[in-house]
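Notes follow the structure.
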Amino acid sequence: MTIDQIIVLFGGLGLSALVAWYFWFSEKKAVKVETCESGIQEAVINVKGGYTPDVLIFEAGKPIRLNFIREETASCTEEVVFSDFNTRATLTPFKTIPVELKIDKPGEYIFQCDMGMVKGKLIVK
């Protein structure tokens, strides 16, 4: 093996490790959502290759409104699915699509694209 091949091999392994760390081991910051004057806990989630923010914290028993803004046309993010609540919404590109939930039971609830590749989490306390 030549020195060039060794450099490329270790460079590739290093980049692969960095990608794995980013997707599986990096800590994601949760966003605590405050209640507005109307009594609704409202958050805006941008959709572009993922959900931003992708971890949100809410209070149990108060209405929740998630405003999804899809900033892409990729087919994977056409729908958002809340399987714990048997709810789904079609996300029209470049428009705000509200999804309203009321979660009385504390816990962690996953939302994802229809293919299950793009995921987010609601933490209800």
Gap between atom [atom2] of [Y] and atom [atom1] of [X] - 0.5 Å precision:
X	Y	atom1	atom2	answer
T2	I7	OG1	CD1	8.5 Å
I64	E59	CD1	CD	10.0 Å
Q112	C76	CD	SG	9.5 Å
K62	L101	NZ	CG	16.0 Å
I69	L91	CD1	CG	11.0 Å
L122	F82	CG	CZ	6.0 Å

Identify the heavy atoms of [X] and [Y] that sit nearest to each other, and give their distance.
X	Y	result
E42	V33	O-CG1, 3.4 Å
G61	K102	O-CE, 2.9 Å
V118	G50	CG1-CA, 3.5 Å
A43	L56	CB-CD2, 3.5 Å
T77	C113	CA-CB, 4.5 Å

Practice item. Measure the acute angle between the ring planes of F111 and Y51, then classify it against the limits of 30° and 60° as parallel, tilted or perpendicular. Key: tilted
Exercise for review: Decide side-chain contact (heavy atoms from CB on, under 4.5 Å) for F58 and I103; before the verdict, give the C-alpha distance in whole Å, the side-chain angles of both, and the deciding distance to 0.1 Å.
Suggested key: CA-CA 9 Å; F58 296 95; I103 306 172; over 6 Å; no
Review point. How about K125 and P106: do any of their side-chain heavy atoms sit closer than 4.5 Å?
Key: no
Exercise for review: Tell me whether L13 is reachable from I6 by hopping between hydrophobic residues (I, L, V, M, F, W, Y) whose side-chain heavy atoms are closer than 4.5 Å.
Suggested key: yes
Practice item. Could you check T92 against I97 for side-chain contact (heavy atoms from CB on, under 4.5 Å), going step by step and ending with a plain yes or no? Key: CA-CA 7 Å; T92 306; I97 306 297; 4.0 Å; yes
Point to revise | Test log, rule salt bridge (charged side-chain N to carboxylate O under 4.0 Å, His left out), inputs E72 and K48 | key: CA-CA 6 Å; E72 64 183 356; K48 186 173 184 180; over 6 Å; no
Exercise for review: Classify the side-chain pair T90/E78 by whether it contains a donor and acceptor separated by less than 3.5 Å.
Suggested key: no
**Study point:** Heavy atoms from other residues, nucleotides or ligands near CZ of F94 exceed 12 (cutoff 6.0 Å)
**Key:** yes
**Study point:** Heavy atoms of other groups near D104 CG, more than 12 under 6.0 Å
**Key:** yes
Point to revise | Any donor-acceptor pair under 3.5 Å from T87 side chain to F85 backbone | key: yes
Practice item. Show your reasoning for whether side-chain contact (heavy atoms from CB on, under 4.5 Å) applies to D54 and K119. Key: CA-CA 7 Å; D54 60 350; K119 296 183 181 189; over 6 Å; no
Practice item. Go through the steps to decide whether V55 and I123 satisfy the test side-chain contact (heavy atoms from CB on, under 4.5 Å), and finish with yes or no. Key: CA-CA 7 Å; V55 179; I123 300 172; 3.7 Å; yes
